[in-house]
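Worksheet: the structure to be examined is printed underneath.
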There are 4 protein chains.
Amino acid sequence: MGNETETRERLLEVAKQEFLELGYEKASMRKICKKAGVTTGALYFFFKDKNDLFAALVKEVADEIKMIIVHHTQKEQTIYEDAKTTPQAIIADGIEQGRDFVTYMYANKDAFMLLLTKANGSSYENFYDELVDLMEKNTLQFLDHITLEYGKENEIKPYTMHWLAHLETSSFAQLLTHGLTLEEALIQAEVIAKYLTGGWLEILKK
Amino acid sequence: MGNETETRERLLEVAKQEFLELGYEKASMRKICKKAGVTTGALYFFFKDKNDLFAALVKEVADEIKMIIVHHTQKEQTIYEDAKTTPQAIIADGIEQGRDFVTYMYANKDAFMLLLTKANGSSYENFYDELVDLMEKNTLQFLDHITLEYGKENEIKPYTMHWLAHLETSSFAQLLTHGLTLEEALIQAEVIAKYLTGGWLEILKK
Amino acid sequence: MGNETETRERLLEVAKQEFLELGYEKASMRKICKKAGVTTGALYFFFKDKNDLFAALVKEVADEIKMIIVHHTQKEQTIYEDAKTTPQAIIADGIEQGRDFVTYMYANKDAFMLLLTKANGSSYENFYDELVDLMEKNTLQFLDHITLEYGKENEIKPYTMHWLAHLETSSFAQLLTHGLTLEEALIQAEVIAKYLTGGWLEILKK
Amino acid sequence: MGNETETRERLLEVAKQEFLELGYEKASMRKICKKAGVTTGALYFFFKDKNDLFAALVKEVADEIKMIIVHHTQKEQTIYEDAKTTPQAIIADGIEQGRDFVTYMYANKDAFMLLLTKANGSSYENFYDELVDLMEKNTLQFLDHITLEYGKENEIKPYTMHWLAHLETSSFAQLLTHGLTLEEALIQAEVIAKYLTGGWLEILKK
DNA sequence: GATGAATGAGGGTTCATTCAT
DNA sequence: AATGAATGAACCCTCATTCAT
């Protein structure tokens, strides 16, 4: 009947709708089966449990975005190490990172919606926090660099760093969860960059 | 047996622990009864349903913090209207509001934890969003004032306002949810105020 | 506060509404108490249990209507025994009985509604059947008389008698349960009498 | 284990006994499971809820009897329209209908018992009334015919028609609920026909 | 690849009633 | 005459998952 892996795809599609609509916990495996026109046995042939089903919708994207952030952190590291780097270059790079992040997010809209707002109860319920942690390393690097340049009169506490990472992460995440289009989001990303830069300058002032 | 209304208190205490540990949805009425050494009937004598039990832990605080914000917004309105008001006065007031908010939050730590992170599924699941909305009105008022003074070359979009309200609200909320002590939080609140002010200045620049 | 027996009256009134609306089984003692502004303890001071509460609304009427029927049966007995009784007299008496029944029913509308349609689960759930049984005795007497006069060529089976008692009883009961006014009901009672008489004549025919 | 769909049958059988004994509302799903030697989950695999279980015992019969009545009404319509139809033919047809009804009822005894006396609380609680309504249409048709033939000196009120439909329906229904055998019931059906015809003649008299 | 019957613990909630005060 | 806290069994139903076929 040409079913082959078609069943799997159908299950994934239906599951995505259910998870998006109800969230991980309230979504029902039985209802997913029913809507996909498939028996529970079939579902459990393809996916070992509820979490595995959710992961199948989300894993690839979750892994890749983390890699993207890590890569960016590494790349920034080299920029900082370059003696000839100007402040403008750093800012420009930050803006570019924002654009990349937003673009990737929007290219994988559904997966990000699941990860950011519908994963409660699943093994991805801490995805957002993990993102923040990665962002934090990014920011810490920046701070170290700044401190070298400007001296350490202004002590920035660890918590502050964590909070700023939150600020940045959630600012980007909200673009998607609040329903902006990609075009709107890219424009807004610039505003975010501007605002956060202004904030930094203020707290770094002596 | 010295029970009197002691049972109700015991139920509330146990329920608070359960909700804090598991969240509204995963908390079990039966488990709460068992831990409180009480039959289900007793619980349902005091509280009409699960949501009512949750509300009993949270309603007062939820109502009051909203009033506090509203009152502050009104007070700020009068400050803006005063011709002799200086920018310093406005900033000082913002800082004071932050202190008030944080202090009240910490004085009602458990209730705020429930409201901010454990209310999903209950009638308070939108509490955080409501807070943001109130904050937004606050910020909008500020923007109107600024626009009058500095002209309107820089158009701030509605979404930006909403985002900033989020930024501020979550910044305060996280102080609690991340486990800072009151002393740490109050210090951090100043950092937040500084940072957010810097951000504002940046995006208001021509 | 002048409460005295006022509480009892209030409970009875509220209970009547509840039973009428929901029926005996679905009515809730707690809700009755709440609506009456009284605690359960108070209710159980006046009425020993749910059935007792229902009975208090209904007993008097239930007893009296039975007596009325019995009395009528006895009175009819004497009519039959009277050698000078004409068939017209018998029919006239039957019509009068109908009128009495209907009038009494309407004078105690609520109680009859409870007894006829809302008593399921209570000790009065067989009230209607008891009424039928009493009616049946009435009808049997009539049959005996008829048989003496006209001979016994037409055998009327016991079940037929029971059925006819049902017919008559339900015909009257429905006047009330279908919402006719007293005036309409009295008119309709004549139609019933006519119809039932016609039926009798038909099955008594040789 | 030879279970196959045997479980479903066993559940239906047990449920039928429970419903017959206790009625829809007082019957307990748990008890039905226990008696059938099955877990609640199994029951809910076959039937979506209590009402669905009841319906499975009753739906087919409920639908068919209504169709039978409707069909008969249509057939009677053609009889009336036939110029050569004699009053005897009409009466004969009425009697035949009675026989058909009773025969079908007894062929589905349990289902009818459930529908007529045990359905309270289920979606079939108005089944009897629906039957009466169908019967009423039947009777109205008859009245229209009669009126054409005999003139309209005797006004029969709408309520009277409704009442007569009740009379007829309950007369048939009681044959079953009062425990008559099929043979007894068929004989009694003739008595009913006779009686009701006599009643009609009486109220149609000028 | 897929079926579908079955598990069994658990969910929140309602109930009539009791009894010490 | 009345309070109101407390009982505890029972209610219908949902869940993710398993496994013989």
Side-chain angles (χ1 to χ4, degrees), chain A residues 1 3-8 11 25-33 37-53 121, chain B residues 1 3-8 11 25-33 37-53 121, chain C residues 1 3-8 11 25-33 37-53 121, chain D residues 1 3-8 11 25-33 37-53 121:
Chain A
M1 303 160 188
N3 271 9
E4 311 288 318
T5 51
E6 199 188 300
T7 299
R8 203 184 119 96
L11 276 167
E25 303 216 87
K26 288 200 175 169
S28 152
M29 295 294 264
R30 289 221 289 267
K31 243 170 248 165
I32 289 169
C33 289
V38 150
T39 56
T40 57
L43 193 161
Y44 278 89
F45 174 78
F46 291 110
F47 308 99
K48 92 179 227 294
D49 57 20
K50 195 183 189 179
N51 191 69
D52 190 43
L53 174 59
Chain B
M1 301 161 189
N3 272 8
E4 309 287 318
T5 52
E6 200 188 298
T7 301
R8 202 186 121 97
L11 276 167
E25 301 217 270
K26 288 200 174 169
S28 154
M29 295 296 263
R30 287 226 249 279
K31 235 172 259 166
I32 289 170
C33 289
V38 150
T39 57
T40 59
L43 191 163
Y44 278 89
F45 171 76
F46 291 107
F47 309 98
K48 86 179 229 296
D49 57 20
K50 195 182 188 178
N51 192 68
D52 190 43
L53 175 57
Chain C
M1 303 160 187
N3 272 9
E4 309 290 316
T5 52
E6 198 187 302
T7 299
R8 203 184 118 96
L11 276 167
E25 302 216 90
K26 290 199 175 169
S28 152
M29 295 294 263
R30 288 222 289 268
K31 244 170 247 166
I32 290 169
C33 289
V38 151
T39 57
T40 56
L43 192 161
Y44 278 88
F45 173 79
F46 291 110
F47 309 98
K48 93 179 227 293
D49 57 21
K50 195 181 188 179
N51 191 69
D52 189 43
L53 174 58
Chain D
M1 304 161 187
N3 272 8
E4 312 285 320
T5 51
E6 202 188 295
T7 301
R8 203 186 119 98
L11 277 167
E25 302 216 89
K26 288 200 176 170
S28 153
M29 295 296 263
R30 285 227 251 282
K31 237 174 257 166
I32 290 169
C33 289
V38 150
T39 57
T40 59
L43 192 162
Y44 279 89
F45 171 76
F46 292 108
F47 309 99
K48 86 180 229 295
D49 58 19
K50 196 182 189 180
N51 192 68
D52 190 44
L53 174 58

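Computed from a predicted model, the values in this text were never measured in an experiment. In the text below, chain A, chain B and the rest are named by the order of the sequence lines, each starting its count at 1.
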According to the Watson-Crick and G-U wobble definitions, with both distances under 3.5 Å, which nucleotide is paired to dC19(F)? dG4(E)
Just how far, in rounded Å, is P of dA5(E) from CZ of Phe46(D)? 5 Å
Rounded to the nearest 0.5 Å, what's the gap from CZ on Arg30(B) to OG1 on Thr40(B)? Could you check? 7.5 Å
Mind checking who dA9(F) pairs with, Watson-Crick or G-U wobble, both distances under 3.5 Å? dT14(E)
NZ of Lys26(D) versus P of dA9(F): gap in Å, rounded? 20 Å
Atom-pair distance (CE on Met29(A); P on dT3(E)), nearest Å: 15 Å
Measure CD/Glu25(D) against P/dC15(E) and give the value in whole Å, please. 12 Å
Taking donor-acceptor contacts at under 3.5 Å, does the side chain of Arg30(B) reach the base of dG10(E)? no
Give the nucleotide from the list dG4(F), dT18(F), dA16(E) with an atom nearest to the side chain of Tyr44(C). dA16(E)
Phe47(D) CZ - dC12(F) P separation (whole Å): 15 Å
Heavy-atom nearest nucleotide on DNA chain E for Ala27(B) versus Phe45(D): which residue maps closer to 5'? Phe45(D)
From C-beta outward on Lys50(D), which listed nucleotide comes closest to its side chain: dC13(F), dC15(E), dA16(F)? dC13(F)
Enter the distance from Leu43(A):CG to Arg8(A):CZ here, rounded to the nearest 0.5 Å. 10.5 Å
Could you check whether the side chain of Thr39(D) and the base of dA9(E) have a donor-acceptor pair of N or O atoms closer than 3.5 Å, going by distance alone? no
Regarding dA6(E), can its base be found pairing with the side chain of Thr7(D) as donor and acceptor, where the two atoms are less than 3.5 Å apart? no
Atom CD1 of Ile32(D) to atom P of dC11(F): distance rounded to whole Å? 10 Å
Thr40(A) (side chain) and dT3(E) (base): donor-acceptor pair under 3.5 Å: no
Which residue, Gly41(D) or Ala42(C), contacts DNA chain F at a nucleotide closer to its 5' end, judged by nearest heavy atom? Ala42(C)
Asp49(A) CG - dT18(F) P separation (whole Å): 8 Å
Check whether any side-chain heavy atom of Leu11(A) sits under 4.5 Å from a side-chain heavy atom of Phe47(A), and report yes or no. yes
Quick check for you: among dC13(F), dT13(E), dG11(E), whose closest atom lies nearest to any side-chain atom of Lys31(B)? dG11(E)
Gly121(D) backbone acceptor or donor facing Lys26(C) side chain under 3.5 Å: no
Separation of dT7(E) atom P from Leu43(D) atom CG, nearest Å, is 11 Å
Tightest non-hydrogen contact, residues Leu53(B) and Met29(B), listed as CD2-SD, 4.1 Å
